[in-house]
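Hydrogens, waters and symmetry mates play no part in the numbers below; they use all other heavy atoms, side chains included. First the proteins, then the strands, lettered A, B, ... as listed; each starts at 1.
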Amino acid sequence: MIDYIHLLNEEQRAAVTAAPGPILVVAGAGSGKTRALTYRVAYLLDNGVDPSRIFLATFTNKAARQMLERVSRLIPHGTEAIWGGTFHHLAHRLLRRHASLVGYDPSFTILDRSDSAELLSDCYEEMKLSRSELHFPRREGALEIFGLAANREVPLEALIAEEFPHFAEQTDRLVELADLYRKRKRKASAVDYDDLLSETVRLLREQPQLREEYQDRFHHILVDEYQDTSRLQADFVHLLASGHRQIMAVGDDAQSIYSWRGADIRNMLTFPERYPGSRLLYLRANYRSTPEILSLANAAIAANRFQFPKELAPVRESHRLKPAVVSCPTANAQASFVASQLQELWREGIPWEEIAVLYRAHFHALEIQLELTRSRIPFEITSGLRFFEQAHLKDVAAFLRLAVNPHDSVAFARVVRMFPGVGEKTADRLWEEFSRKADLGSIVPPKSCAAAWKEWASLQKEIASPELRRAPAAQIEKVIDAFYRSYVESQHADAAHRLEDLSQLVSFAAEFPDTESLLGQLTLLTNTDRSQSREGVHLSTIHQAKGLEWRVVFVIMLADGLFPSGRSTESLLGEEEERRLFYVATTRARDRLFLVYPRYRASHYGENSLRPSRFLAEIPRELYSDLRASRG
DNA sequence: ACGCCCTTGTTTTTT
DNA sequence: ACAAGGGCGT
Ligand SMILES: Nc1ncnc2c1ncn2[C@@H]1O[C@H](COP(=O)(O)OP(=O)(O)OP(=O)(O)O)[C@@H](O)[C@H]1O
């Protein structure tokens, strides 16, 4: 039996044990939203719900894994049958199963951001658009616009008119580009991140029978971090929940920080309209932070005009230690201040992994990284580049992609361009020939790589065999042995390091039953998902720290122009989102919080002298103590 | 096809 | 200041 009385407070218990019906839990940071959702799952199982009928959407795959691990400690059977993960992950599972109903080959490829950009390049070329065309977005910009349109479920024309008026003149050509891009994806039997959601939504909309089948199957829908879902994601969930209305969503409007990716807080505001008769529940007690930290966070977010005013009172005893605001002469001094504090904390007995350094943008971590390396403080950084986005991993994956999906033009180009004497033109020609003949062996390659080509043809044939498609680890080993090892050794000085990453990939791949599921997982792996070796101080962007907590948190680079970022402050909405980001950052801390800024940063471009962040000025003076760090 | 040099934008955040 | 991407010559 689970001891709900001692593990949860009354408000949390109300959510956990709520009677059937739609429920929205609105609560501030550290109030136990995730905890309540976890116990809700346990409660359902405890009451005899079949685990395979639970659908749990979380912000990262790791969050789902952790929640389900906790559940399985409470209720030791059957949690594997629960469908849990990110929206993309869950949509992928559905789409893979029923791809043919929306006109895709079941072996379709998932394009990551750079694959999408690659395919889009071909479209620019076909439309004879120069990549630096005046008043026309370049690849990344175009992808962002397409993604926003998909997630908001608005026509491209309307989005451009409303949000990108500077491209209004080019609307027709942008629509044409989007259309071409869509056709190319189709031809390649490939979907991008947005298609994963929108095609699954289309699937459920167009196939009433299938929809009912899944509505019936997933009788309990739970959504974490609801404030950062897009309209498309909310519609996806709604398609599953609209019949039985067994949906529980939890969120905090003050922590909505992904609007630039299409997240829309209106999902929370209109929940009661979408689900008439739904109950709104509140959690008002913060368990995470000391009262001192919480007062500061509450004061910081108070400056936002657009928000639900919420109560949030501390449960914990006063610590008598206020958060510190630390002024440093330079970014280097900031780094050495942080390093010396880290050592101090370590001497006090706080393990490295209980400490985090958080910042607005990846490049803000530069000086800290150097300093921590220099002073031999172990750290773990969640970088912008994901493990699988590294060139050598994508190189090897391209062979597997082609083995399961011979229409994947992006993967084909990636492979053939590794051959000596093959550039853009030849790659195009070879692809043209391959798509006609569907047989590598009968293609005439350039003389410079005739021998290698022959070997590749037989390698590719081998790894495309049904047996090897059920053994992705063996596939990868074959690719490395037959081709990639010698290639990478001839091309890169750090070949050993790259091969090491690849052997990691082999062991990762061993867990998967077939190539499709391996490739799907790899592209949908989030950055936080992989940080399994939790050793050392955590360095992370605030976005990636969402939902996490540490005993001690340093928020660095709190200078105007850096945090809030220079671009965001042009609009009130932008500034408010930055402030929410600041709220998220401060509320990650349990015991101690340091807010640090440099007064000067040697940047080679733009202003060097920095003002403290406006967010610091908004905090009443009595809520923190001032510190002045000297030159490191 | 590939290397060299010059131009350009880059630093917001990510599934 | 510096990397990436395009233009140009080989
Ligand atoms: N009833 C409780 N008793 C003891 N500890 C609790 C209780 N509720 C929550 N906590 C603890 O408080 C901390 C915050 O909980 P949780 O992460 O679930 O909050 P949250 O509302 O999801 O936070 P955020 O929105 O800031 O990410 C966790 O360490 C959790 O274990």
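Note: CZ (A:Arg139) to C1' (B:dG9) measures 14 Å, nearest angstrom. Nucleotide B:dG9 holds its P atom 16 Å from the CZ atom of A:Phe136, rounded to whole Å.
A:Ser568 places a side-chain N or O within 3.5 Å of a backbone atom of A:Ser565 that can act as its donor or acceptor partner.
A distance of about 15 Å separates the C1' atoms of B:dT11 and C:dA4, rounded to the whole Å.
Here the rule is side chain to side chain contact (heavy atoms under 4.5 Å, CB included) with A:Val488, and of A:His497, A:Met418, A:Arg498 only A:Arg498 fits it.
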Strictly under 3.5 Å: I want the nitrogen or oxygen pairs between protein and nucleotides 1-4 of chain B, one per line.
| unit_1 | atom_1 | unit_2 | atom_2 | d |
| --- | --- | --- | --- | --- |
| B:dA1 | OP2 | A:Gly423 | N | 2.3 |
| B:dA1 | OP2 | A:Thr426 | OG1 | 2.9 |
| B:dC2 | OP1 | A:Gly421 | N | 3.2 |

Just the atom pairs and distances: protein N or O near nucleotides 13-15 of chain B's N or O, under 3.5 Å.
| unit_1 | atom_1 | unit_2 | atom_2 | d |
| --- | --- | --- | --- | --- |
| B:dT13 | OP1 | A:His362 | N | 2.8 |
| B:dT13 | O4' | A:Arg360 | NH1 | 3.2 |
| B:dT13 | O2 | A:Trp260 | NE1 | 2.9 |
| B:dT13 | O2 | A:Arg360 | NH2 | 3.2 |
| B:dT14 | OP1 | A:Thr541 | OG1 | 3.2 |
| B:dT14 | OP1 | A:Gln544 | NE2 | 2.4 |
| B:dT14 | OP2 | A:His362 | NE2 | 3.2 |
| B:dT15 | OP2 | A:Arg386 | NH1 | 2.8 |
| B:dT15 | O4' | A:Arg261 | NH1 | 3.4 |
| B:dT15 | O3' | A:His88 | ND1 | 3.2 |
| B:dT15 | O2 | A:His88 | NE2 | 3.2 |
| B:dT15 | O4 | A:Arg113 | NH1 | 3.0 |

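Salt-bridge formation is not detected for the pair A:Asp560/A:Arg611: no Lys NZ or Arg NE/NH1/NH2 atom is positioned less than 4.0 Å from an Asp or Glu carboxylate oxygen.
Classified by interplanar angle (parallel below 30°, tilted 30° to 60°, perpendicular above 60°), the ring pair A:Phe508/A:Phe512 is tilted. Aromatic ring orientation, A:Phe412 versus A:Trp456: tilted (interplanar angle from 30° to 60°). Ring-plane geometry between A:Tyr214 and A:His98 is classed as perpendicular, the angle between the planes exceeding 60 degrees on a 0 to 90 degree scale with a lower cut at 30.
With sequence neighbours left out, the side chain to side chain contact (heavy atoms under 4.5 Å, CB included) criterion links A:Asp428 to A:Glu125.
Taking the centre and axis of the six-membered ring of A:Trp550, the NZ or CZ atom of A:Arg588 falls outside the cone set by 45° and 6.0 Å.
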